[in-house]
Amino acid sequence: MTEAPATTSASRMDPALLARLTGGLGDRRTIEKICADFGQLYSDFLPDVFHSETHLNVQVGYAGCEMGLMSDLIAEIGDDCVVADASLRNWCPGFLLTCGNAFVITLMEHMLGATADTIEEPVQRPLSKIEIDMAVMVFEKIASVLKSGVNAPGGFEAIIERPVNAEDRPKPAEDEPDQYAAAFRMSIALGPVETEFSLIVPQRALLKTTVVFPKSKGQQGKAQKEWAEQIGEQVRRSQVTLEARIKLQTLTLRTISKLAAGDVIPFFDTEDVHVDVSANGKEMYVCEFGKSGANYMVRVKDNVSSDDEILRHLMS
């Protein structure tokens, strides 16, 4: 008869007690103090970062912290936000950045030229691919303040994975070990639109952290022109599916009901064939139909919408 393996004292120990003894769980007062220090750091410096690069006035405030298992904190963030997994060498190998979709949508509208009096609370929805590109830069700004405020040697930049809508973040493997973490939440407002961003960080990293406040609130960021160029480059690299619609000659229902494979329906136009090109249901260009070698093609003749209108539509 095979003897059962001996149960070690570590396996019998309460997980919370084991985490506390090994530096993975702190007392509530200590964690709240560290999170509040991060809240002060972001309140003081993140508005400067955004203003120096966009000339937009962003209000940031500390909204509190929550503690628990990392999986539980992530499960509570909801669907109306964008998230990105991140790491910072010599500080934390894995933490999560979150930001309310409303802020990213509103920031995109401002960068496309919308004025404050035309901005309204956006409808809650997942971000489009181009808005996800904007979220990349939002998280870079959040991470830059984090880097400036933690006592991590080496001066390394945070590594941020490509953001995704919260509902699209892959579920962790069932055998992946959980850990105690804390989520410190920050309110962020741009004009009349206010939402939150947060960082969900393992307590093991927080307990080794001393938040450092830079001497000057003036952040040396990129110029507004460079920021706009970054956005433009992201937009240019985004893939958009175009659709072309050609008007055909009218047919009777009797004829249509008898169409079979190989039958031909003539174009409505007899010379230059008129083509309407659209994306995401928005008409964009008036084109003419033609052929180049063995390939069929359309040639742009006129814009249906202005450049700004086209961009605004494709962002949504």
Side-chain angles (χ1 to χ4, degrees), residues 9-43 46 60-88 90-103 124 135 138-139 142-143 145-147 149-152 158-161 163-188 194-211:
S9 59
S11 63
R12 293 195 305 266
M13 187 176 296
D14 177 73
L17 178 58
L18 179 61
R20 189 177 296 276
L21 292 174
T22 56
L25 176 63
D27 64 89
R28 174 169 290 274
R29 179 175 295 182
T30 299
I31 297 298
E32 286 180 343
K33 174 63 169 62
I34 296 171
C35 288
D37 287 344
F38 273 114
Q40 188 65 50
L41 175 76
Y42 276 104
S43 298
L46 190 60
V60 177
Y62 182 52
C65 71
E66 299 172 5
M67 287 165 262
L69 290 172
M70 192 151 190
S71 59
D72 293 337
L73 295 174
I74 293 174
E76 292 173 0
I77 63 177
D79 292 335
D80 296 326
C81 66
V82 60
V83 303
D85 289 282
S87 63
L88 179 58
N90 294 336
W91 182 66
C92 182
F95 58 96
L96 190 73
L97 299 165
T98 83
C99 183
N101 289 347
F103 177 75
Q124 292 292 354
V138 170
F139 284 141
I142 294 174
V145 175
L146 176 71
K147 172 197 168 185
V150 299
N151 57 326
I159 298 174
I160 307 172
E161 296 185 13
V164 296
N165 287 299
E167 58 192 22
D168 297 329
R169 184 176 185 268
K171 302 295 182 183
E174 293 184 0
D175 59 348
E176 183 176 322
D178 212 343
Q179 54 189 325
Y180 288 94
F184 57 89
R185 300 166 26 244
M186 304 296 304
S187 65
I188 185 166
E194 181 174 346
T195 184
E196 289 187 355
F197 72 88
S198 67
L199 284 81
I200 304 178
V201 184
Q203 292 192 25
R204 186 177 301 278
L206 291 177
L207 290 169
K208 298 178 181 179
T209 300
T210 300
V211 179

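Residues Ala143 and Ala158 share a closest heavy-atom pair of CB-CB, 3.9 Å. Residue Leu96 comes nearest to Thr98 through the heavy atom pair CD2-CG2, 4.0 Å, listed as atom of the first residue, atom of the second, then distance. Among all heavy-atom pairs drawn from Ile160 and Ala84, the shortest one is CG2-CB, 3.8 Å. Here the shortest heavy-atom pairing between Gly26 and Gln203 reads N-OE1, 2.9 Å. Taking both residues in full, the closest heavy atoms of Ala182 and Met67 are given as CB-CG, 4.0 Å, listed atom of the first, atom of the second, then distance. The shortest non-hydrogen separation linking Ala166 to Gly78 is CB-O, 3.3 Å.
Distance CE/Met186 to SG/Cys99: 12.0 Å, rounded to 0.5 Å. Separation of atoms OG (Ser198) and CD1 (Ile142) is listed at 8.5 Å; rounding is to 0.5 Å. In this structure, CG in Leu206 is found 10.5 Å from CZ in Phe95, a value given to the nearest 0.5 Å. Atoms CG and CZ, on Leu199 and Phe139 in that order, are 9.0 Å from each other to the nearest 0.5 Å.
Here Ser43 pairs with nothing under the side-chain hydrogen bond (donor to acceptor under 3.5 Å, both in side chains) rule; sequence neighbours left out. Applying the salt bridge (Lys or Arg N to Asp or Glu O under 4.0 Å) rule to Glu32 yields the partners Arg28; only residues at least two apart in sequence or on another chain are considered. With sequence neighbours left out, Thr195 forms a side-chain hydrogen bond (donor to acceptor under 3.5 Å, both in side chains) with no residue at all. Judged as a side chain to side chain contact (heavy atoms under 4.5 Å, CB included), and not counting sequence neighbours, the contacts of Ala183 are Leu73, Ile200. Residues passing the side chain to side chain contact (heavy atoms under 4.5 Å, CB included) test with Ser71 are Leu69, Asp178, sequence neighbours excluded. Residues satisfying the side-chain hydrogen bond (donor to acceptor under 3.5 Å, both in side chains) criterion with Gln40, sequence neighbours excluded, are Asp44. Scanning for salt bridge (Lys or Arg N to Asp or Glu O under 4.0 Å) contacts around Lys33 gives Asp37, with sequence neighbours left out. Residues passing the side-chain hydrogen bond (donor to acceptor under 3.5 Å, both in side chains) test with Lys147, sequence neighbours excluded: Glu157. Scored by the side chain to side chain contact (heavy atoms under 4.5 Å, CB included) test, Ala63 finds Arg185, Glu196 as partners (sequence neighbours excluded).
With hydrogens and angles disregarded, a donor-acceptor distance shorter than 3.5 Å links the side chain of Asp27 to the backbone of Thr30.
Applying the ring-ring contact (aromatic ring centres under 6.0 Å, His included) test to residues at least two apart or on different chains, the pairs with a partner in residues 18-42 are Phe38-Phe184, Tyr42-Phe197. Sorted by first then second residue, the salt bridge (Lys or Arg N to Asp or Glu O under 4.0 Å) pairs that include residues 72-88, not counting sequence neighbours, are Asp85-Arg169.
The side-chain heavy atoms of Asn101 and Asn165, taken from C-beta on, include a pair separated by under 4.5 Å. Residues Tyr180 and Met70 fail the side-chain proximity criterion, which asks for heavy atoms closer than 4.5 Å. By the 4.5 Å heavy-atom criterion applied to side chains, Trp91 and Val201 are counted as neighbours.
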Counting only pairs under 3.5 Å, give me each side-chain donor-acceptor contact of residues 18-25, with atom names and distances, residues two or more places apart or in other chains.
unit_1: Thr22; atom_1: OG1; unit_2: Leu18; atom_2: O; d: 2.8
unit_1: Thr22; atom_1: OG1; unit_2: Ala19; atom_2: O; d: 3.4

